[in-house]
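In what follows, a structure is listed as structure tokens, so that the remarks can point back to it.
Chain letters run A, B, ... following the sequence lines, proteins first, then strands; residues in each count from 1.
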Number of protein chains: 2
Amino acid sequence: MFPEPRLPQPETRDRILDEAERLFVEYGFEGTSMRMITGAANANLAAVNYHFGSKDALIQAVFRRRLTALNETRLAALDQLEAEAGGGLIKPSRIVEAFFGTALELAADMAHGGNTFMRLLSRTYNEPNAFVRQFLAEEYAEVMDRFLGALFRALPGVPRHEIMWRFHYMLGAMSFAIAGIESVYAMAGMSREAEDPSRLLPRLMSFLLGGLRAPLPDFGASGHD
Amino acid sequence: MFPEPRLPQPETRDRILDEAERLFVEYGFEGTSMRMITGAANANLAAVNYHFGSKDALIQAVFRRRLTALNETRLAALDQLEAEAGGGLIKPSRIVEAFFGTALELAADMAHGGNTFMRLLSRTYNEPNAFVRQFLAEEYAEVMDRFLGALFRALPGVPRHEIMWRFHYMLGAMSFAIAGIESVYAMAGMSREAEDPSRLLPRLMSFLLGGLRAPLPDFGASGHD
DNA sequence: GTATGATTCAAACAAACGTTTGAATAGAGA
DNA sequence: TCTCTATTCAAACGTTTGTTTGAATCATAC
């Protein structure tokens with residue numbers, strides 16, 4: 001395929017990844033052209049195809065660079081929870097915290113691009129592009145499997161359907177929390193003051209746990225599941 | 001600008017709107033070309049520019065066709081709530097229901113494209129395209145102002161910051177609820193069985209209210225706002 | 001120095017994009 | 001029948017897209 005560099009590669013590859021990440025957040029995948037990326041990275045237009053092969057491969061590389069580590073951290077946190085419980089019940093709030101806490105920690109990192117990446121990741125859950133959707137589903141498969149399974153075991157009386165939906169809702173709330181509040185609110189009341197990132201986690205977490213603990217919905221008469 | 005038709009226009013214009021709406025959901029704005037739209041609508045390539053002026057104007061028309069009515073319904077529901085209360089306190093759950101209930105009713109309409117439109121609208125909250133963002137913010141300005149104001153009055157002890165954030169989280173949960181659950185879950189456990197749309201509302205609502213009523217977060221020492 | 005392989009570069013590629021044009025068609029009013 | 005206006009149509013417009021090419025440049029190994 002590509003010859004592997006014998007020395008710790010020049011920084012071109014990383015500059016491209018950084019700028020692509022930043023531009024993808026601002027303009028989306030299709031709204032960001034190769035020329036915008038290579039221009040911002042002070043690289044030649046052909047550099048992306050040389051280092052990554054194609055634009056799609058670059059998108060994958062942007063995600064893999066940080067998503068793999070994030071999901072490994074999540075799995076490690078869950079491993080520890082289960083080890084501490086030693087077969088006993090785990091508090092659902094701990095599981096939720098293991099999943100969303102790690103993500104929000106990364107989102108709070110303004111210095112090394114963690115915040116930029118999490119904004120990108122949050123917007124991408126609902127990405128229409130079929131290629132990106134499938135790639136993300138594969139990257140998430142194991143983590144989803146493990147965390148949903150843990151929640152099922154931690155909430156033995158609750159229908160799995162309901163747990164999955166509520167986890168899905170929590171993902172949506174987190175996605176919007178990270179994307180920020182300026183999107184639709186043209187209100188004067190909402191100042192543009194920089195939010196303290198350390199407040200993001202406790203604020204979101206209390207909402208998530210409130211939703212998770214809410215009484216199950218009453219569907220009326222019927223009752224399958 | 002454009003000469004107004006003297007007769008109840010031929011259906012071309014509406015066919016274009018329908019197909020554009022459907023394709024925008026599936027492929028996004030930039031991923032949907034004029035040729036895809038006019039091809040699906042059995043219209044000539046120039047028809048979009050003739051009837052709407054430009055692709056951007058078509059996007060606006062797709063939203064305006066249904067969003068205006070939705071937001072008017074929301075405002076009417078809030079009007080009625082406030083009239084019934086007659087200056088007294090309104091239960092926050094009623095306000096939340098007035099906002100999200102109307103949206104989920106439209107999302108439950110599978111026959112006349114309401115579901116398609118709500119899926120599109122949900123994905124568009126986080127749209128990177130600057131033009132679409134600003135258009136949506138303007139369309140939402142009044143509704144946000146009214147509903148947030150109502151919530152402020154209904155929750156006099158709660159900091160406005162927190163209310164806005166929780167409303168934002170609720171928007172995220174609704175967005176994901178409407179987008180569906182198949183996005184990231186490659187799990188075998190989640191069957192593809194058609195969900196009963198009537199269950200969507202009570203399921204989401206109990207989650208939203210649980211989150212809204214959750215105890216306020218504890219930020220530790222400091223305490224501005 | 002000379003050879004070797006990795007990287008950069010300017011230039012060009014075909015394909016797809018949104019938009020415009022001017023003629024053809026249709027239908028209603030006089 | 002003739003006229004006028006709304007709509008449709010095929011064709012082309014100029015840009016921009018992602019990708020490819022082949023030579024130039026650079027750094028290391030011998």
Residues that B:Asn42 engages under side chain to side chain donor-acceptor pair (under 3.5 Å), provided they are two or more places apart: none
Partners passing side chain to side chain donor-acceptor pair (under 3.5 Å) against B:Arg66 (at least two apart in sequence or in another chain): B:Glu21
Positions of residues 22-44 of chain A (non-hydrogen atom under 4.0 Å from DNA chain D), listed by number: A:Thr32, A:Ser33, A:Met34, A:Arg35
Partners meeting side chain to side chain donor-acceptor pair (under 3.5 Å) with A:Arg119 (sequence neighbours left out): A:Asn115
B:Glu19 bridged to B:Arg22 by N-O distance under 4.0 Å: yes
Pairs flagged by side-chain hydrogen bond (donor to acceptor under 3.5 Å, both in side chains) wherever residues 23-39 of chain A is involved - sequence neighbours left out: none
Sugar-phosphate, base or nothing in reach of A:Ala46, heavy atoms under 4.0 Å: base
Counterpart residues, side chain to side chain donor-acceptor pair (under 3.5 Å), relative to A:Asn129 (two or more places apart): none
Distance below 4.0 Å between B:His51 side-chain N/O and D:dA6 OP1 or OP2: no
Whole-Å distance separating the CG atom of A:Leu45 from the P atom of D:dT20: 12 Å
Rounded distance in Å - CZ (A:Arg15) to P (C:dT7): 13 Å
Nearest-angstrom distance from the residue atom NZ of B:Lys55 to P of C:dT20: 15 Å
Nearest-Å distance for atom pair CD1/P, residues A:Ile16 and C:dC9: 11 Å
OP1 or OP2 of D:dT8 under 4.0 Å from side-chain N/O of B:Thr12: yes
